[in-house]
Amino acid sequence: MSLSSTEGTRQIPLSKHFLAGLASADLKPEEILESVSIPHSRKWEFVSAFRQAQCQQNALADMNAAMRVLLKEGSDTIEDLSIAYGGVGAATISAQKSCQQLLGRRWDELMLVEACRLLLDEVSLPGWAPGGKVEFKRTLVVSFFFKFYLEVLQELKKLVKLSSVSGSCRYPEISDRFLSALEDFPVAVPQGVQMYQSVDSHQPLQDPVGRPIMHLSGLKHATGEAIFCDDIPMVDKELFMALVTSTRAHAKIISVDFSEALELPGVVDVVTAEDIPGTNGAEDDKLLAVDKVLCVGQIICAVVAGSDVQAKRAIEKIKITYQDQEPVIFTIQDAIKHNSFLCPEKKLEQGNIEEAFEKVDQIVEGEVHVGGQEHFYMETQRVLVIPKTEDKELDIYVSTQDPAHVQKTVSSTLNIPINRITCHVKRVGGGFGGKVGRPAVFGAIAAVGAIKTGHPIRLVLDREDDMLITGGRHPLFGKYKVGFMNNGRIKALDIECFINGGCTLDHSEQVTEFLILKLENAYKIRNLRLRGRACLTNLPSNTAFRGFGFPQGTLVTESCITAVAAKCGLLPEKVREKNMYRTVDKTIYKQAFSPETLIRCWNECLGKSSFHSRRMQVAEFNKQNYWKKRGIAMIPMKFSVGFAATSYHQAAALVHIYTDGSVLVTHGGNELGQGIHTKMLQVASRELKIPMSYMHICETSTATVPNTIATAASVGSDVNGRAVQIACQILLKRLEPIIKKNPEGTWEDWIEAAFEQRISLSATGYFRGYKAFVDWEKGEGDPFPYYVYGAACSEVEIDCLTGAYKKVRTDIVMDACCSLNPAIDIGQIEGAFIQGMGLYTTEELKYSPEGVLYSRGPDEYKIPTITDVPEEFNVSLLPSSQSPLTIYSSKGLGESGMFLGSSVFFAITDAVAAARRERDIAEDFTVKSPATPEWVRMACADRFTEMIPRDDPKTFTPWSIPIA
Amino acid sequence: MPCPSRSDELVFFVNGRKVIERNADPEVTLLTYLRKKVRLTGTKYACGRGGCGACTVMVSKRDPASEKIRHFSVTACLIPICSLYGAAVTTVEGVGSIKTRLHPVQERIAKSHGTQCGFCTPGMVMSMYTLLRNHPQPSEEQLMAALGGNLCRCTGYRPVLASGKTFCLTSSKYDLDPIPRHKLLLQVHLPMADHKNQQVHPKTKEWPMIAYF
């Protein structure tokens, strides 16, 4: 390395002394690094580097290594060796002693065994090491060296061939089946095809329904002109708010001292529970903590200051003293032990499982752990509250899926009637369920600050705070007991699920209900019992997330199918087919439905993915490769949309026609990126028979359409589309006599005439939707308006030595019925699939033993990047299926694609199972999601996982704890 | 630009406009400066630690060795303004706008359905724009590398990539040809709303700015 400073330049070698941090071999404070020169390797010198991270790109390595060996010319004797590892300590570690001891050894199997022993001894990692993944890292220490060993042998082979120095020495042969260990997964450019049905050729050209119309805001997104909540210019006298959160998981608050904070420059005030004029949330779910805290990250108070920097500085000066309380519960297992639950058990049952279990050929029991998920909407939670001077009016600009809920919460918090509060939502930078309940909390706290100070308040959460405070998808622990015949037919199934709800109820009860209602997925099992409970723990409260329990729960069902297949020696897909709904039938809660399109999706997916021939290719690949394995899996899906409560199935729209003929459409749905505004204008355009260019949607506001429901549960376009349709039909009906009188006239003529004739050009459309209900006592009901069916087939390749994987190909077939906008719907499917893939593969939330969330940013929490997209990624919409219930027979596709991401998970477990079969290790292993490289590596047990030291869990406190 | 001695003036350029900061706060990042001071809000805050790419802008500097201008895509949340002396910053607003003219990168990402919530889009646009400034006809691999640091939670990336591939020399499947139609009224490939035959200028090797309407 060339270093330079005002005193001149000097070179230091990047050697053991540098790595050891010796002052003489390190940079001085006044020096800068000018260049690094890397020498060419010599003949008989081999250099290689290795790295393993949670995902392929844009990720810090869990562990990396660089290795160099110099062999004595023409021989296989080690003359010089250096090995360095990163990720096993605060700085890079050089395995100096091991290298020293290996000098003079021959490059052979005996040396490998000795090297592994030495390296594991020298590069030791304590069980409590920061960053965790201890056994994984220990395994990588030797796995990397093994890769290097093979690489050098391979290079030697080439060298010997080239220089024909044959005869001088013989190198150990590498079996062809081992060669695949040498290849890394290169970054591939994804390819793919999207298929959908074109509109009927008779459809008028100006009718946009069913066409792939671009997102209304697309161009504005691309130029930065699209205004999000925090892009609103600063308003006069505006102040900034920052939140103070608990650092203890369960404690009494002894004192809060903010005197020092108040003295800092720019600090205006501190808002506490005492400043709330109305109600402070619910008894067990307070907006601002009073006397006690129930989790790390609970909001205690808020600082209001002139700028964000000043507010955040003040937070550090607030002193809170706590007195810890018992019990402190984080894991589902602890919650069960303490009988700590948020709500009663939900249960559905059919047939007689006890009897059925007695008549089956085999019974298998298993456990499944599914980790949680962070929403990671790109736009963090934010709100701007502007108090008006008159009549206690408030204007609130907020990033939310449910402005009416924000409005209501602010009203009760401030003790001001709802009609004084207006919530505006222009657009939301991603919601995924995370902006259903939480924005009301931030809105209410900011509103208290606005009332107390009399100033407008802006509250923009940091990513760290957002991840810490807002919770996410419920982690799940599931147990199953399944009885089946040797032909794969499942006769009896008993599933019990526990979800980690966190410290407040939030949506946990509904999530439990949804989970149970959807748990059977696509399978008809005559004797079936499904039970679910939400655990009360000292973690931030978990909340709604795309799929609402379905993606976690159904992983249990599908894992159970895989286990049955393994016991019967059948393909999981055969067992799936055997147990799938085949004819018009009733679900476990006795709602009748026809699985016809489910079967069509499945068959179409089998065909499109060439499943059977690829299955054989996968088997062939696995025969030929020992260290790389492929896996393939196909998953069916039956997903019910909507809320299981009647009050949720309603929507309203307000359509104005102005005298110049332009149309302003307002409806109760919020634009979260899902293109609801685009779809609504497509509906209005068809109904009014005028081009979309006549129309505009400004924002969603509680002043134009009141009492709305959350834009969630995949039904936003369904219910609001009908409301827009109804409003347009009312208007058109009023215009009919005018049009009849002047059929050749233009739209503008008619509107002008209507105004002259005193005809109202504004109408409200109200849609009274599905009557959904469930009787939990009887375990039956009619909770869902319709089902979305789909199937996905994924193939992956894993590296058994590092746990890395690449997604070879995914094919999705989805039943979208008659899509309102295939571009938007395919976008929803692809987006949800990739998000689901993230849930099941790389998105891992880590908590400390004290219940502190470690993963608070994109460095520690890995959502999929562009390089995680399957190399071949095909999506097709099933042609021409009919669903009479919804607007133009379209289906809501917001959530369903999420679960199809599990096909990647099952492809990975399929590949792992292939590796274990080959090594004669039991095929059944604990199913744990996400299937991270760490999990894959450790599940592919081999001589290297066996040689690492293991710690007695009782002897140390691990860096992180699993909470599912 | 040579640094005048003993000056407390920080001089750099934002979208071609000279900005002069006297006694610049060394703690202020380019992101804060753009959003709060210059009021260019197209550049978004999403993580604050260079991990998501939502605040990507292009910084152009003269390379002292080669005397050539070099363009870098940077995450504005990590760049102290004081490190920008003499540099030119280009934000998404400087690339193009609906009011003036759209740049093909902007037009094509939108028309390829590569935006959903749109919060990551300005960053995506800037990563692709910088790539095209450095390589007017990049390879698909260069495109992948350029977008590797831009997170998107909505689209699943496929349509974003599809829009970028239209600029690539080796673009095979997503070319500019008319959309093939399947016999059974099935449309294969999501079509991009039509765009004119945009080509790299033979001399300047740059993509043309085109008028939208």
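Protein chains get the first letters and strands the later ones, always in sequence-line order, with residue 1 at the start of each.
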| query | Contact part of S97(B) toward chain A, heavy-atom cut-off under 4.5 Å: side chain, backbone, both or neither? | reply | both
Please identify, among [options], the residue contributing the most non-hydrogen atom pairs under 4.5 Å to chain B.
| options | value |
| --- | --- |
| V869(A), I834(A), V189(A) | V189(A) |
| Q674(A), M467(A), E464(A), E671(A) | E464(A) |
| L672(A), V309(A), V428(A), D462(A) | D462(A) |
| I863(A), T867(A), D859(A) | I863(A) |
| S217(A), A832(A), G675(A), P864(A) | P864(A) |
| D230(A), V460(A), I227(A) | D230(A) |

| task | Output the option from G42(B), G148(B), C152(B), G50(B) having the highest count of non-hydrogen pairs under 4.5 Å with chain A. | result | G148(B)
| query | Do you know the tightest heavy-atom contact between I98(B) and K220(A)? | reply | CD1-CG, 3.5 Å
| note | Heavy atoms of T380(A) and Y45(B) approach each other most closely as OG1-CE2, 4.3 Å
Rounded to the nearest 0.5 Å, how far apart are [atom1] of [X] and [atom2] of [Y]?
| X | Y | atom1 | atom2 | answer |
| --- | --- | --- | --- | --- |
| L147(B) | N58(A) | CG | CG | 11.0 Å |
| I866(A) | N150(B) | CD1 | CG | 8.0 Å |
| R49(B) | R856(A) | CZ | CZ | 9.0 Å |
| M378(A) | C47(B) | CE | SG | 7.5 Å |

Which answer fits [X], side chain, backbone, both or neither, if we ask what part of it has an atom under 4.5 Å from a heavy atom of chain B?
| X | result |
| --- | --- |
| I829(A) | neither |
| P233(A) | both |
| R211(A) | neither |

| Stepwise side-chain contact (heavy atoms from CB on, under 4.5 Å) check, C154(B) with F432(A) | CA-CA 9 Å; C154(B) 297; F432(A) 315 116; 3.8 Å; yes
Pairwise side-chain contact, [X] with [Y], heavy-atom cut-off 4.5 Å (strictly under):
| X | Y | value |
| --- | --- | --- |
| K111(B) | H215(A) | no |
| F228(A) | T41(B) | no |
| P159(B) | E830(A) | yes |

Are the charged groups of [X] and [Y] less than 4.0 angstrom apart, N to O?
| X | Y | result |
| --- | --- | --- |
| D231(A) | K44(B) | yes |
| E843(A) | R153(B) | yes |
| E27(B) | R313(A) | yes |

| Please walk me through it: do T121(B) and H221(A) pass side-chain hydrogen bond (donor to acceptor under 3.5 Å, both in side chains)? | CA-CA 6 Å; T121(B) 315; H221(A) 291 152; 4.9 Å; no
| request: Determine, stepwise, if the pair K36(B) / D308(A) fulfils side-chain contact (heavy atoms from CB on, under 4.5 Å). | output: CA-CA 11 Å; K36(B) 302 232 160 117; D308(A) 53 345; 3.1 Å; yes
| query | side-chain contact (heavy atoms from CB on, under 4.5 Å) between Q116(B) and Q828(A): does it pass, once the steps are laid out? | reply | CA-CA 9 Å; Q116(B) 282 186 26; Q828(A) 285 297 301; 3.4 Å; yes
